[in-house]
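Everything quoted here is computed from the prediction, not taken from an experiment. Convention: sequence-line order gives letters A, B, ...; per-chain numbering from 1. Basis for what follows: all heavy atoms, side chains included, without hydrogens, waters or symmetry-related copies.
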There are 2 protein chains.
Amino acid sequence: MTLDALPAHQGGAENLARLLARALLTGHWQPGDVFPKELDIGRHFSVSRNQVRNALASLSAAGLLERTAGRGTQVRAMSEWHLLDPLMSEWMTGLINLDPQLVRAIYAFRFSAEPLVAGLAAQAASAEDIARLEAAFEGMQRSAGQPAARHQHTEYDVAFHDVIYQATHNLVWRQMGYLLRPSIMALVHRSQHDIKTLDDSLARHGHVLKAIQVGDATAAETAAREVLRRTAIDLGIVPDTLSDGANLSSSRHM
Amino acid sequence: MTLDALPAHQGGAENLARLLARALLTGHWQPGDVFPKELDIGRHFSVSRNQVRNALASLSAAGLLERTAGRGTQVRAMSEWHLLDPLMSEWMTGLINLDPQLVRAIYAFRFSAEPLVAGLAAQAASAEDIARLEAAFEGMQRSAGQPAARHQHTEYDVAFHDVIYQATHNLVWRQMGYLLRPSIMALVHRSQHDIKTLDDSLARHGHVLKAIQVGDATAAETAAREVLRRTAIDLGIVPDTLSDGANLSSSRHM
DNA sequence: ATTGATAAAATGTCAGACATTTAATAAGCT
DNA sequence: AGCTTATTAAATGTCTGACATTTTATCAAT
C-alpha cells in the first residue's frame with residue numbers, strides 16, 4: 001500500500017496521526033507490512049519530520065505500529081492493537097468501514113457486558129443520571145421518524161448508552177463507556193432503517209429506562225439484552241456467537 | 001510538591017515518564033496543581049528537553065496532565081485519568097501505594113465483571129486455554145505455603161486470572177485482562193497472609209478451574225464471585241459497595 | 001563457506017533558534 | 001478612577017540540521 005491513496009492532509013500532527021490511523025484501521029495495510037519511512041511521509045504530506053515522528057509515536061503507542069531503530073516501521077496485527085486506548089476511540093469516531101471482524105468483537109463485548117452495566121446502573125443511578133437518561137430518551141422520541149433529524153437521533157441514542165455507563169459510578173466502567181462511544185455510534189449508524197425497526201428499538205430503550213428509574217437491576221439486565229438483540233438483528237449478526245472468530249490464531253497470543 | 005522528593009533517574013524517556021507517572025499515581029501532586037516546567041525537570045534530572053517533552057507527552061496522553069501553550073502544565077483529577085491506557089498499566093506494575101479510592105474502584109469493577117468473564121470463558125475456552133489454566137493452578141498449589149516462593153505464587157495467581165480473560169476469545173475482554181494485570185497483582189500482593197487464608201483462596205480458585213473444565217458457565221460465575229469475596233475479606237473491603245465513592249463529584253463528569 | 005569489516009539506511013537523540021499562546025503589567029485614553 | 005490597549009515575559013510548540021545508534025546488506029579475507 002502506498003501513501004498516494006490517502007486523502008489530503010490539513011496540517012497538525014494530530015490530524016496526520018488520525019489520517020494514518022484510519023488507513024490502518026480500515027485495513028489499507030496488512031499485518032507485517034513495512035510502513036513508509038519518516039522522510040517519505042514528510043515529503044508526501046509536506047510536513048516536517050517532527051510532525052511525522054509525533055504522529056508515528058501516537059500510532060506506535062496505540063499498538064498499530066512497531067518501530068525499531070535501523071529496521072524501520074512495521075504494521076502490527078489486530079490482536080496487538082490497544083483497543084481501549086482513548087486515541088483509538090478518537091480515531092474511530094465517524095469511521096464507517098471498520099473491519100467486520102472488529103465490529104463483531106466489539107458487538108460481542110457489548111452483548112456480554114452491557115446488560116451487566118445496566119443492572120449496575122439501576123442500582124447506583126443518581127437522580128441526575130436518571131434525568132439525563134430521560135432527556136436522551138425523549139430526544140430519541142422527538143427525532144424518531146424524521147429523516148432530516150437522523151443525525152440527532154444517533155446522538156441521542158449514543159448519549160443514552162453513555163449515560164448508563166456513567167450511572168454505574170465506577171471509574172473503570174465509566175472509562176469503558178467513553179471509549180465505546182464511537183463504536184456504539186458506528187453500530188447505531190448502521191442499524192437504523194425503516195420506521196418499524198426504529199419504533200421497536202425505541203420501545204426496547206424505553207424498557208431499560210423504566211427499569212433503571214425504578215431501580216430494578218434484573219429487569220434492566222434483560223431489557224438491555226433486548227436492546228442489543230434488536231441491534232444484532234439490524235446488523236445481521238447472530239448474538240449467540242460470543243467469540244470473535246480469532247480462535248484460529250488465538251493460541252499464540254498469550 | 002517539588003521534584004526533590006523523587007527517586008533517581010536511570011536514563012531514557014520511558015523511565016522518566018514512569019518515574020513521574022508513579023509520583024502522580026501515588027498522589028504526590030494534587031489535582032489542579034501546576035506541574036514543574038520542562039526546563040526545570042530537565043535540569044533536575046540532567047536530561048535533554050526532548051526527553052522531558054516525550055515523557056510529558058506520554059503523561060498527557062494518559063490523561064494525567066494537561067498541557068497548554070503559554071500557560072504550563074496542570075495536574076488532572078483522577079476522574080480524567082485514562083485508566084485503560086496500556087501506559088497506565090505499565091506504570092502501575094509493582095506499585096504498592098496505589099490511591100485507596102483507585103484500588104476500591106478497580107476491585108469493584110472486577111467484582112462485577114470477573115464472574116461474567118469466567119462464565120464466558122467456560123463457554124469459549126479451548127483445550128489449550130484449559131491446559132494453561134491447569135498449569136497456573138498447579139503452580140499456585142506448588143508454591144503455596146512456601147514463604148520463599150511467595151513471589152512465584154503471586155505470578156501464578158495473576159496468570160490464572162489472565163488466562164480466564166484470554167479464554168473468552170474476545171478482543172476487548174482480552175485487552176481488559178492484559179490491562180488489569182498490574183492491578184490484580186497489587187490486590188493479590190496485599191491479600192496473601194497466613195496459611196489458612198491461602199488454603200481457602202486456593203480452594204476457591206480450584207472451583208473456578210473445575211467449572212471451566214466442564215464448561216459450566218453459571219458454576220464458573222458463582223465460583224469466580226467466591227474468589228473475589230475471599231480477596232475482599234483479605235483486603236478489608238465490603239463487596240456490596242459497587243460504586244467508587246465518587247458520587248459526590250460525579251455529576252460534573254458527563 | 002564462514003567469519004569479519006565496511007557501508008548504507010533507517011530510527012533515535014540532541015541543541016539551538018524561533019513561533020505561538022497565555023497571562024501579567026504598564027501605558028494611555030475617556 | 002476605570003476601561004482599553006500595547007508591551008513584555010514566560011511557558012509550551014515547532015522547525016531545522018547535525019549527529020548517534022541500531023540493523024541489515026555487501027563484500028573481503030581466511
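- Separating the CG atom of A:Asn15 from the C1' atom of D:dG13 is a distance of 15 Å, rounded to the nearest angstrom.
- Between A:Val47 and A:Ala69, the one whose closest nucleotide on DNA chain D sits nearer the 5' end is A:Val47.
- Checking C:dA15, C:dA10, D:dT14 against every side-chain atom of A:Lys37, the shortest atom distance belongs to C:dA10.
- Judged by closest nucleotide on DNA chain D, B:Gly70 is the one of A:Gly12 and B:Gly70 placed further toward the 5' end.
- Between A:Arg67 and the phosphate of C:dG12, there is a side-chain N or O to OP1/OP2 separation shorter than 4.0 Å.
- Rounded to a whole Å, the CD atom of A:Glu14 is 10 Å from the P atom of D:dG13.
- For A:Arg67 and A:Glu38, the salt-bridge test passes: some basic side-chain N is under 4.0 Å from an acidic carboxylate O.
- You'll find a donor-acceptor pair under 3.5 Å spanning the side chain of A:Arg49 and the base of C:dG12, going by distance alone.
- The salt bridge (Lys or Arg N to Asp or Glu O under 4.0 Å) analysis of residues 6-29 of chain B, with sequence neighbours excluded, yields the pairs B:Arg18-B:Glu90.
- Atom-to-atom, CG of B:Leu39 to P of D:dA10 comes out at 12 Å; the value is rounded to the nearest Å.
- Distances were taken from every side-chain heavy atom of A:Ser48 (C-beta onward) to each of D:dT12, C:dA15, D:dT16; the shortest belongs to D:dT16.
- Protein atom CG of B:Asn54 is 14 Å distant from nucleotide atom P of C:dA15, rounded to whole Å.
- Residue B:Thr73 has a polar side-chain atom (N or O) positioned under 4.0 Å from OP1 or OP2 of D:dT12.
- Protein atom CG of B:Asn50 is 13 Å distant from nucleotide atom P of D:dT14, rounded to whole Å.
- Going from atom CZ of B:Arg53 over to atom C1' of C:dA15 covers 14 Å, rounded to whole Å.
- The shortest side-chain heavy-atom distance between A:Ile184 and A:Leu187 does not fall under the 4.5 Å cut-off.
- Using modelled atom types, one finds no donor on one side chain facing an acceptor on the other under 3.5 Å when comparing B:Thr154 with B:Asp157.
- Distances shorter than 4.0 Å separate some side-chain N or O of B:Gln51 from OP1 or OP2 on C:dC14.
- Taking 4.5 Å as the limit, some side-chain heavy atom of A:Leu83 sits within range of a side-chain heavy atom of A:Leu102.
- One interatomic measurement links the two molecules: CG of B:Leu16 to P of C:dG12, which rounds to 18 Å at whole-angstrom precision.
- Nearest to the side chain of B:Arg71, among C:dA23, C:dT11, D:dG13, sits C:dA23.
- As rounded to whole Å, 18 Å separates atom P of D:dA11 from atom CD of B:Glu66.
- Comparing D:dG13, C:dT11, C:dA23 by their nearest atom to the side chain of B:Glu38 picks out D:dG13.
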